[in-house]
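Working notes, beginning with the structure itself.
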Amino acid sequence: MTDIDAPLTRPAKVVRERKLTPAVWALIILGIFAVVSLVRLITGADNLTSVGAVQSALTAAVPIALAGLSGIWSERAGIVNIGLEGMMVLGTFGCAVVGYQHGPWAGVVTGVLCGLLGGLLLGLAAITFGVDHIIAGVALSIVAPGLALFLAQLWFGGQQSPRVADVPRITIPGLSDWLSSLADKGWFLISDLAGVAGGAVTQLSLLTLIAVILIVGSAFLLWRTRFGLRLRSCGEAPYAAESLGVNVYLYKYIGVTVSGAISGLAGAFLVVGLNFQNGQTAGRGYIGLASVIFGNWRPGGMAAGALLFGYTDGVQLFDSTGLAMRAFLLLVVLALAFYAVLQFRARNTAVAVVTTVIAVLALVWFLTTDSLPSQLVKAAPYAITLLVMGLASQRLRPPKADGHPYRKGSH
């Protein structure tokens, strides 16, 4: 028996988790919208939930969510995947090379295949040759951008490719216009709900729909099927899985190659409708990895994290005056205050005090400024990522054997 499997033989600590009903979740979401609407009215940042801002936020959130889903597939199989960024870069280049000549769908398929190749390379290093997962992933994230830049110089004659055509987009006639006009009214809560709904049914990319289907399908496959149980067992207790007849190597390779393919799709999403550029991924692979940790290695939590990070990124791109980001600062103050109350109730005094101090400083900043510096606005998604990760790290439970070396029959 190894150290990895040993805890499974000990008496498990009973953890009572309070399961919320769909009605309670609906009330929570409605309450969040009410707070956002109140902040919008107080600050006058009408574009906080406008149709355009929501569209921009969705565009920013999808590649992060796909990168996060990619990380879940890999890490649930026991392979720490720091190479998400590199796989995304391979996806962007592959999509650009084929996409501008043969159409966007051919480019997307090529981007997926390039990402899959990156996943296979990581699997070969980490699973077959036993290289440390972190080192292998970092190496991939360093080599892939350099390789893509070198090949781009040869292929395109520079650091930028010709434009790749866009995939079809969906707009529901009538409903989209009605929601947009309702959002423009500026009514409390109703206009905010209309703005979000309008952004979801206006110029919606088919790739966004595919991303939603992949997240829901992956959640079902990994948590509701025998295949998913076996794959997750490789990330929790591989030697116990081996004793039950599970081909651990095979499932680890499946996890890491699917991870690479989804990362490649995330990269292709960035190129479709635009062109390949050096540094195009801009650290979204790492933010996707942060969303995995924020979501406690589950698709639902990961998607929430990706939406949060993507919303911050998308709104700052749409917000030319900086007014929405100042309003976002007030939202951060309220969220921190709420979190501090929860921590005080849970008697986590140190965390509660630190959170309160940060909230007070943010409130002072909000009250003493009319707009945020443009440099800070651009860095806001990364700053929010660090802040949320610091607070969310209190209740995380990664797969137990994640990152541990595995050798068949060695225990």
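What you find for W297 and E75 is that their closest heavy atoms are NE1-OE1, 3.0 Å. Contact detail for A65 and I215: the closest heavy-atom pair is CB-CD1, 4.0 Å. When all heavy atoms of V256 and S74 are compared, the pair lying nearest together is CG2-OG, 4.1 Å. M88 approaches T281 most closely through the heavy-atom pair CB-CG2, 3.8 Å. Residues L48 and Y311 come closest through the heavy atom pair O-OH, 2.6 Å. The two residues G118 and L140 make their nearest non-hydrogen contact at O-CD2, 3.7 Å.
In this structure, CD on Q101 lies 10.5 Å from OG on S161, to the nearest 0.5 angstrom. A distance of 6.0 Å separates CD of Q280 from OG1 of T92, quoted to the nearest 0.5 Å. Residue I64 holds its CD1 atom at 10.5 Å from CZ of F269, rounded to the nearest 0.5 Å. A distance of 10.0 Å separates CG in L116 from CG in L121, rounded to the nearest 0.5 Å. Separation of atoms CD1 (I142) and CD1 (I82) is listed at 11.5 Å; rounding is to 0.5 Å. Taking OG1 from T356 and CG from L363, the interatomic distance works out to 12.0 Å, rounded to the nearest 0.5 Å.
The ring-ring contact (aromatic ring centres under 6.0 Å, His included) contacts involving residues 212-232 comprise F227-Y251, where partners must be two or more places apart or lie in separate chains. Annotation: side-chain hydrogen bond (donor to acceptor under 3.5 Å, both in side chains) contacts involving residues 258-269, sequence neighbours excluded, comprise S70-S259, S70-S263, N81-S259.
Counting heavy atoms from C-beta on, the side chains of L69 and M302 come closer than 4.5 Å. M87 has its side chain within reach of L122: a pair of non-hydrogen atoms, C-beta onward, lies under 4.5 Å apart. The shortest distance between side-chain heavy atoms of V164 and N275 does not fall below 4.5 Å. R40 is listed as a side-chain neighbour of D192, based on a closest heavy-atom distance under 4.5 Å. Residues V131 and L124 are not in side-chain contact: their nearest non-hydrogen atoms beyond the backbone lie 4.5 Å or more apart. Side-chain contact between F93 and L149 is absent, with no heavy atoms from C-beta onward closer than 4.5 Å. Put simply, the side chain of L189 does not reach to within 4.5 Å of the side chain of L38, judged on heavy atoms. The shortest distance between side-chain heavy atoms of Y253 and N247 does not fall below 4.5 Å.
At a cut-off of 3.5 Å, with distance as the only test, no side-chain donor of T128 or Y249 sits close to an acceptor on the other residue. Under 3.5 Å, the side chains of T202 and S176 contain a donor-acceptor pair of N or O atoms.
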For L117 and L90, run side chain to side chain contact (heavy atoms under 4.5 Å, CB included): C-alpha distance rounded to whole Å, both residues' side-chain angles, the deciding distance at 0.1 Å, then the answer. CA-CA 9 Å; L117 179 62; L90 294 176; 5.7 Å; no

Quick one: do W73 and S218 satisfy side chain to side chain contact (heavy atoms under 4.5 Å, CB included)? Show the steps, please. CA-CA 8 Å; W73 271 92; S218 295; 3.1 Å; yes

Chi angles and distances behind the side chain to side chain contact (heavy atoms under 4.5 Å, CB included) call for L334, F338: CA-CA 6 Å; L334 295 174; F338 180 72; over 6 Å; no

Would L361 and W365 satisfy side chain to side chain contact (heavy atoms under 4.5 Å, CB included), going step by step from the backbone distance to the final call? CA-CA 6 Å; L361 292 175; W365 190 5; over 6 Å; no

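Side chain of S191 to backbone of L182: a donor-acceptor contact under 3.5 angstrom is found. Of the possible polar contacts, none joining the T208 side chain to the L204 backbone as a donor-acceptor pair under 3.5 Å is found. Proximity of a side-chain donor or acceptor of S233 to a complementary backbone N or O of R230 within less than 3.5 Å is detected. Using a distance-only test at 3.5 Å, with no hydrogens or angles considered, no donor-acceptor pair links the side chain of S56 to the main chain of G52. The closest donor-acceptor contact from the side chain of D132 to the backbone of I134 lies under 3.5 Å. S243 contributes a side-chain N or O that, together with a main-chain N or O of A240, makes up a donor-acceptor pair within less than 3.5 Å.
The residues R284 and E85 are annotated as not salt-bridged, no charged nitrogen and carboxylate oxygen being separated by less than 4.0 angstrom. Ion pairing between a basic and an acidic side chain is recognised when a charged N comes within 4.0 Å of a carboxylate O; R397 and E236 show such pairing.
Figure legend: R163 and Y100 shown without cation-pi pairing, the cationic atom not lying both under 6.0 angstrom from the six-membered ring centre and within 45 degrees of its axis.
Ring pair F156/F276 is tilted by interplanar angle, where 30° to 60° counts as tilted.
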